[in-house]
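Below: the structure, in structure tokens.
Keep in mind that the numbers below use all heavy atoms, side chains included, and drop hydrogens, waters and symmetry copies. Each chain gets a letter, A, B and so on, in the order the sequences are listed, and its residues count up from 1.
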Amino acid sequence: MKASDQQKKGIADQLAVAGVDVGAHKKLCNLVILRGTEVVASISQIAPEDLPALCIEHGVQVVGVDAPCIWRKGSAARQAERDMARAGVSSFSTPTEEQGQSSRFYDWMFFGMRVYAALAATHPRLQAARYTSGSVCFETFPHAITCALLGADVASAALKSTQRKALLEALGIDTTKLKSVDARDAALCALTAQFLLRGKTRTYGDAVGGFIHVPEVTPDDAVAIIAKMGKFA
DNA sequence: GTGGAACGCTGTCGTGGTTC
DNA sequence: GAACCACGACAGCGTTCCAC
């Protein structure tokens with residue numbers, strides 16, 4: 001690792017970052033706050049409107065959110081989703097707002113929009129491909145993060161429960177505070193926030209359809225992570 | 001009783017194979 | 001080559017089962 005990268009990593013590890021996994025009426029949101037590899041907080045069933053105060057209380061710099069930041073416009077999929085499909089990363093297809101209103105199945109997406117709206121005053125959505133400074137939130141999602149860290153051919157949504165837990169542990173994060181799959185997904189979002197602070201993220205999409213940020217690692221790093229995961233990779 | 005894991009469901013997209 | 005269909009992928013939800 002270059003000296004400048006070491007310095008960025010050190011700064012990123014000192015700052016608190018957060019990940020939010022968005023559910024609907026019953027589950028609400030899961031919030032996980034990381035500082036370095038330490039899980040500072042893991043809180044479940046939080047209303048979107050309560051997130052800013054918790055982020056400020058813990059000095060959170062960047063928030064990764066597991067929910068679409070923008071509805072689809074027209075019949076074509078969002079640019080970010082098309083980009084990921086070309087890269088071999090399957091993703092959930094964001095509907096139009098009208099489609100979202102037609103089924104309760106999409107209630108969780110409206111909760112996601114509430115998360116971005118609630119954070120707008122303290123952590124406005126990053127609307128550029130690269131992070132420069134300040135407190136922001138950004139869109140990401142666990143399967144894409146897993147694909148980015150392990151490779152699309154290794155990551156499996158079917159094994160998400162065990163594989164994502166093993167991935168977090170391979171990266172040195174204590175998962176004992178992360179009781180549910182949702183908490184672990186939020187932790188992966190927080191982890192991506194650390195990569196964003198270091199300038200080590202890959203970005204899919206455009207300003208119109210919104211950006212999706214995922215970690216960027218070297219092939220050697222991916223091999224090392226997979227080796228640490230053992231049978232779960 | 002509580003919490004975690006597993007499973008099937010919904011809705012849409014992209015891919016690959018088959019048919020015309 | 002174009003059109004069609006089947007399949008597998010993702011997300012969250014609800015239910016069921018099992019371990020503690």
Rounded to the nearest Å, what distance is computed from the [atom1] atom of residue [X] to the [atom2] atom of nucleotide [N]?
X	N	atom1	atom2	answer
A:Glu81	C:dA11	CD	C1'	11 Å
A:Ile212	B:dC13	CD1	C1'	14 Å
A:Tyr204	B:dC13	OH	P	20 Å
A:His143	B:dC13	NE2	P	18 Å
A:Trp71	C:dA11	CH2	C1'	13 Å
A:Asp182	B:dG4	CG	C1'	11 Å
A:Asp185	C:dC10	CG	C1'	12 Å
A:Asn30	C:dC13	CG	P	10 Å

Original post:
Among A:Val60, A:Val17, A:Ile43, which residue meets the side-chain contact (heavy atoms from CB on, under 4.5 Å) test with A:Ile33?
Top reply: A:Val60

Subject >> Option among A:Ile46, A:Val63, A:Thr122 that satisfies the side-chain contact (heavy atoms from CB on, under 4.5 Å) test with A:Leu51 >> reply: A:Ile46

Original post:
For A:His123, what residues pass the ring-ring contact (aromatic ring centres under 6.0 Å, His included) criterion, not counting sequence neighbours?
Top reply: none

Original post:
Judged by modelled atom types alone, do A:Gln61 and A:Tyr131 share a side-chain donor-acceptor pair under 3.5 Å?
Top reply: yes

Original post:
So, A:Thr175 versus A:Glu169: side-chain donor-acceptor pair below 3.5 Å or not?
Top reply: yes

**OP:** Could you give me the CA-CA distance, side-chain angles and deciding distance for A:Val217 and A:Phe195, then say whether side chain to side chain contact (heavy atoms under 4.5 Å, CB included) is met?
**Re:** CA-CA 9 Å; A:Val217 295; A:Phe195 279 85; 3.8 Å; yes

**OP:** Tell me what A:Asp66 touches on the nucleic acid: a base, only sugar-phosphate, or nothing, going by heavy atoms under 4.0 Å.
**Re:** sugar-phosphate

Original post:
With sugar-phosphate meaning primed atoms plus P, OP1 and OP2, does A:Asp21 contact a base, only sugar-phosphate, or nothing at under 4.0 Å between heavy atoms?
Top reply: sugar-phosphate

**OP:** Begin from the C-alpha positions of A:Arg78 and A:Glu81 and carry the test salt bridge (Lys or Arg N to Asp or Glu O under 4.0 Å) through to its verdict.
**Re:** CA-CA 5 Å; A:Arg78 294 167 61 202; A:Glu81 290 162 7; 3.6 Å; yes

Between the protein and nucleotides 16-19 of chain C, list every N/O to N/O distance that falls short of 3.5 Å.
none

**OP:** Please check if atom CZ in A:Arg202 has more than 12 non-hydrogen atoms from other residues, nucleotides or ligands closer than 6.0 Å.
**Re:** no

**OP:** On the 0 to 90° scale, with breaks at 30° and 60°, tag the A:Phe138-A:His213 ring pair as parallel, tilted or perpendicular.
**Re:** perpendicular

Please list each protein N or O that sits under 3.5 Å from an N or O in nucleotides 7-12 of chain B, with the distance.
from	atom 1	to	atom 2	distance (Å)
B:dG11	O3'	A:Tyr106	OH	3.2

